[in-house]
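Worksheet: one structure, shown below.
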Amino acid sequence: MAAEWDNSWIWHPEWIEKPNSSSAGAFVHFRKFITLGLVPSDPVYIAITADTRYKLYVNSRLVHAGPVKGDQQMWFYDVVDIQPYLSTGRNHIAVHVLRFYHGSQLAASFPRTAYPGLYIKTELPQSGEDRPHFNLYGDETWETAIDPCRVLPTSSNFDFFLQIFEQVDESKKHELGWVAAKPYNFMVSHGLATPWNLHSRMIPFPRLQPTNLAAIHNITSTESRENWEALLEPGRKHELGILLPKGTTHHIEFEVNHHTTAYVIFRFARPSSSGSKLTVTWSEGYEDEPIKLPFVRKKGDRADTTKVIAGPKDWYIFGGVCSDEPLGYDSAEKDDETFALFHFRTFRYFTLDVEVAENSDLILKEISVVKTNYPLQVLASFPQVEAEAGDSTRFHQLWDVSVRTLENCMHDCYEDCPFFEQLQYAMDTRSSALFTYFLSRDDCLAKQAITQLHNSFQPALGLTASRAPSHHLQIIAHFSLFWTCMVTDHYEHFGDADFVTQFLPVIEKVLDTFQHRIDQESGLIRVSHFAGDWEFVDWTKAYHPMGVPPAGNATGVMTYTNQLYAYALQRLASLELCLGRQSRAAEHGRRAEAIARAIRLQCYDGTYFTDGLARLAEPTHYSQHSQIWAVLCGAIAGKEATDLLNRSLKPSRREGTRTPVGDGAYEDHFHDFWEPWRRQLDLNLTTWVEDHITQRSDCHAWGSLPLYEYTAEVAGVKPVMNGGARVLMFKPRVRLFRAFEARVPEGDKYVEDGSLSSVHVELPDGQQDTVNMLEDRNWTLKLVD
């Protein structure tokens, strides 16, 4: 058999990987010129991707930035239409590529293969003989140059995961040396393959939305506040420039309306000489000094401008007049000098510090901010609430802030804190996916996340990675169980048997890994003996500093592990019944019951469940976690469970509302549950914090719990797997408010797959009924007690 070769990827022929350098990676320019006598009338589709990230420009206009984060099993490419950007005559196609070095563990948020590369090709439909034709395939006709101006410093104490912050010296632009690109030549016969297993993107393109600066604070400048505030007025900023005289320094602090993820461009008139310096510091809020890193912070009121702004920085040195051919990244490149940040930034405030060179003035023309997020369509709403005095307004605030927090943690993956990590952790992502289902019925990002976590499975360990995709493997065994729950959640909401079935073999391997850790004497899973397993549970003072209950090491058993395992088994058994796998459902059900019995026998002191073995319990071995998960996993049920939860929670401020309803603990404590969220509003937060212990991040989607509670529990509209069938439950909690109106998207997919044909209704007086599926797929509920 003759050998076959793939030469569709190109790269710079003199590139050298430098994993031990002081930069996390480097940038490479690519360009190609094509001449058109006529612009095609039909779309001109470009398939493009790069290792690691790219920006595509056509005739100095940004077309797209990508790709979606992938890994060696699924490397994503984009298909974009460049026809609207083409013109008759000479066309400039440019690609700016960021390559993170492979041999380094830096930039863990951005997976990469051992090979850098750019993949690009054009397919132009031929519908007539006189149709124009041109070739953008990756080959030697592309020119390339290593970017000498930009580095990604690794020394910042604020930046442990991303390494996206730039140090740019535009005065080095004259060092550009353009050469012909070199195609790779990968053998793809005899069972061999390229380093990238290409897949088209699974999610829609991002939403890009220009936004304005909202306020300016703490100005130290030769220019007046009035002139600086011209930047806040969209109509004026293109007409007026702010003169920054040579030899002067300036410090200005900018604010946007709320916590934001956005591309930012600083545009100046091109100065006559080089040397002026720009420093930008990014922050989620004002905070107190001293700031102890890595993550010991005191923040308080985030809008208190008497405090300090601290965070990662970008640096820019102006190049001044340059006679070189424009790179093609900006339409005004000859007249303007712009600092256009390659990756989006996360911020609510940022400082601009300018040092103007002694021999040339600067003129600041504008600061452009373009928000970027996953294009989430919010369908759920709570337009009307009548509650106790003051609660109605707070109810809406909690909802709005939750939506914003979730959106700011959704880009090309679900993310934990966008400010620091931008990593897709399984436990966090399970919550984010559920919030998304109830908010919009959109499952694209969730399906991608489920697939990527599945692809991270480590056969030697029998576990998935805690986060995926990621360049740096991390294991948190508990998170493998949360991934299994993500699979069962998806079926519960969408009934897509074909999708979930493909993951069952790996789910079995994960569950067997935990089963093999069961101690025959106690019947419980022992603590992990794998040195690399981080048995994280939660960020709480009692588990400081690593989020791990001390009872695990003290007793050899962690109750939480066993509870989560039993819960995951129960979820899987319900799924298997729906899929007609009765024998497997019965086996997993028996396992869950055995673990639940052992938890009750070994970890219950008669009043509370302990965090480890009850006979070895110390005063520090008790938590609300173990009580709540005892109920979830079935170790305790009925009135005993209700009494346990009431004992575990502080007395309600609304004791007079207590009712004899079976699960009345929820109603009794509902309004008190939100006190930590209300305190955040009092501190002028516009997104929910990661935790109040380290105060590291001010935006973390696991805090968006109101999205789930208001829809699934207050409005009471949620799907369940029950006895081998998917049923839509309607059980509104009408005693929580005097009145409320809710809109909860129920979704076409419930009907399309044919697996759900009824809605189970539980009325306030306990009467139950089953009704046919409603034609209107958005429920509007207006309930008055």
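No experiment lies behind these values; they were computed from the predicted model shown.
- Considering every non-hydrogen atom in both Gln163 and Ala107, the closest pair reads OE1-N, 2.6 Å.
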TODO: Go through the steps for Leu439 and Thr711 under the test side-chain contact (heavy atoms from CB on, under 4.5 Å), then give the verdict.
DONE: CA-CA 8 Å; Leu439 192 65; Thr711 52; over 6 Å; no

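- A side-chain contact (heavy atoms from CB on, under 4.5 Å) with Glu253 holds for exactly one of Thr351, Leu352, Asp353; it is Thr351.
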Open item on the list: Pair Trp399, Leu707 - check side-chain contact (heavy atoms from CB on, under 4.5 Å), show working.
Closed with: CA-CA 6 Å; Trp399 176 267; Leu707 301 180; 3.8 Å; yes

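- The side chain to side chain contact (heavy atoms under 4.5 Å, CB included) test applied to Ser104 returns Pro19, Leu106, not counting sequence neighbours.
- Sparse packing is recorded around NE2 of His544, with 12 or fewer heavy atoms of other residues, nucleotides or ligands lying under 6.0 Å away.
- Summarising the geometry of Leu423 relative to Pro469, their closest heavy-atom pair is CD2-O, 4.1 Å, with the distance given to 0.1 Å.
- Residues that satisfy the ring-ring contact (aromatic ring centres under 6.0 Å, His included) test with Tyr425, not counting sequence neighbours, are absent from this structure.
- Ion pairing between a basic and an acidic side chain is recognised when a charged N comes within 4.0 Å of a carboxylate O; Glu175 and Lys172 show no such pairing.
- Electrostatic pairing of Glu325 and Arg31 counts as a salt bridge here, judged by a charged N lying under 4.0 Å from a carboxylate O.
- Using modelled atom types, no side-chain atom of Asn684 and backbone atom of Arg302 make a donor-acceptor pair closer than 3.5 Å.
- Taking the ring centroids of Phe420 and Phe161, they lie at or beyond the 6.0 Å cut-off.
- Two rings, from Phe347 and Tyr349, have their centers 6.0 Å or more apart.
- With respect to the salt-bridge test (charged N to carboxylate O, under 4.0 angstrom), the residues Glu337 and Arg270 qualify.
- Residue-environment remark: NZ (Lys173) exceeds the threshold of 12 foreign heavy atoms within 6.0 Å.
- No side-chain heavy atom of Phe419 sits less than 4.5 Å from a side-chain heavy atom of Thr261.
- Under a 4.0 Å N-O distance rule, the pair Asp330/Arg267 qualifies as a salt bridge.
- For the residue pair His258 / Thr686, no side-chain donor-acceptor distance below 3.5 Å is found, with atom types taken as modelled.
- Closest heavy-atom contact between Leu362 and Ser276: CD1-CB, 3.6 Å.
- Salt bridge absent: Asp428 and Arg467 never bring a charged side-chain N and a carboxylate O closer than 4.0 Å.
- Closest of all the heavy-atom pairs between Arg53 and Pro67 is NH1-O, 2.5 Å.
- The pair Glu358-Lys246 does not meet the salt-bridge criterion, since no charged nitrogen lies less than 4.0 angstrom from a carboxylate oxygen.
- Side chain of Asn227 to main chain of Ile242: no donor-acceptor pair is present (N/O by atom type, distance under 3.5 Å, no hydrogens or angles).
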- [ ] Start with the C-alpha gap between Arg201 and Asp78, add the side-chain angles, then the distance that decides, and say whether salt bridge (charged side-chain N to carboxylate O under 4.0 Å, His left out) holds.
- [x] CA-CA 6 Å; Arg201 63 185 295 139; Asp78 299 306; 2.6 Å; yes

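- In this structure, the ring of Phe435 has its center no less than 6.0 angstrom from the ring center of Trp688.
- Between the side chain of Glu333 and the backbone N or O of Leu327, at least one donor-acceptor pair lies under 3.5 Å.
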- [ ] For the pair His29 and Val95, evaluate side-chain contact (heavy atoms from CB on, under 4.5 Å) and give the outcome as yes or no after the intermediate values.
- [x] CA-CA 6 Å; His29 302 293; Val95 186; over 6 Å; no

Open item on the list: Test ring pair (Phe, Tyr, Trp, His ring centres under 6.0 Å) on Phe27 and His96; report intermediate values, then the result.
Closed with: CA-CA 7 Å; Phe27 294 83; His96 200 193; 5.3 Å; yes

- [ ] Could you walk me through whether Tyr710 and Trp674 pass the ring pair (Phe, Tyr, Trp, His ring centres under 6.0 Å) test, one step at a time?
- [x] CA-CA 12 Å; Tyr710 294 174; Trp674 305 114; 5.8 Å; yes

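- Taking the six-membered ring for Trp and the full ring otherwise, Phe266 and Tyr316 have centroids separated by 6.0 Å or more.
- Between Tyr374 and Tyr414, a ring centre-to-centre spacing not shorter than 6.0 Å is recorded.
- Counting non-hydrogen atoms of other residues, nucleotides and ligands closer than 6.0 Å to NZ of Lys277 gives a total of 12 or fewer.
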TODO: Evaluate the side-chain hydrogen bond (donor to acceptor under 3.5 Å, both in side chains) criterion for residues Asp169 and Ser171: first the C-alpha distance (whole Å), next the side-chain angles of each, then the deciding distance (0.1 Å), finally the verdict.
DONE: CA-CA 5 Å; Asp169 186 351; Ser171 67; 2.4 Å; yes

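- Between Asp682 and Arg394 there is a salt bridge, since a side-chain N of the basic residue sits under 4.0 Å from a carboxylate O of the acidic one.
- The two residues Asn408 and Cys699 make their nearest non-hydrogen contact at CB-SG, 3.8 Å.
- Remark: side-chain polar atoms of His471 are paired, donor with acceptor, to backbone N or O of His102 under 3.5 angstrom.
- Contact check on Lys307 versus Asp288 returns a salt bridge, with a Lys/Arg side-chain nitrogen under 4.0 Å from an Asp/Glu carboxylate oxygen.
- Annotation for Pro245 and Thr222: closest pair CD-OG1, 3.6 Å, computed over non-hydrogen atoms.
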- [ ] Begin from the C-alpha positions of Phe344 and His411 and carry the test ring pair (Phe, Tyr, Trp, His ring centres under 6.0 Å) through to its verdict.
- [x] CA-CA 10 Å; Phe344 70 80; His411 293 93; 4.3 Å; yes

TODO: Please step through side-chain hydrogen bond (donor to acceptor under 3.5 Å, both in side chains) for the pair Asn359 and Ser273, ending with a clear verdict.
DONE: CA-CA 7 Å; Asn359 54 355; Ser273 63; 3.1 Å; yes

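- A search for ring-ring contact (aromatic ring centres under 6.0 Å, His included) contacts involving Phe100 returns Phe110, not counting sequence neighbours.
- With Val264 as reference, Ile367 is the one residue of Val370, Val256, Ile367, Val280 to meet the side-chain contact (heavy atoms from CB on, under 4.5 Å) rule.
- With hydrogens and angles ignored, the 3.5 Å screen pairs a side-chain donor or acceptor of Arg345 with a backbone N or O of His343.
- Of the possible polar contacts, none joining the Asp336 side chain to the Thr338 backbone as a donor-acceptor pair under 3.5 Å is found.
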- [ ] Would you sort out whether Glu255 and Arg348 count as a side-chain contact (heavy atoms from CB on, under 4.5 Å), showing the intermediate values?
- [x] CA-CA 6 Å; Glu255 176 183 356; Arg348 185 178 169 193; 4.2 Å; yes

Task: Verdict with reasoning, Arg150 to Glu170, per salt bridge (charged side-chain N to carboxylate O under 4.0 Å, His left out) - done: CA-CA 8 Å; Arg150 294 178 182 240; Glu170 199 66 13; 5.6 Å; no

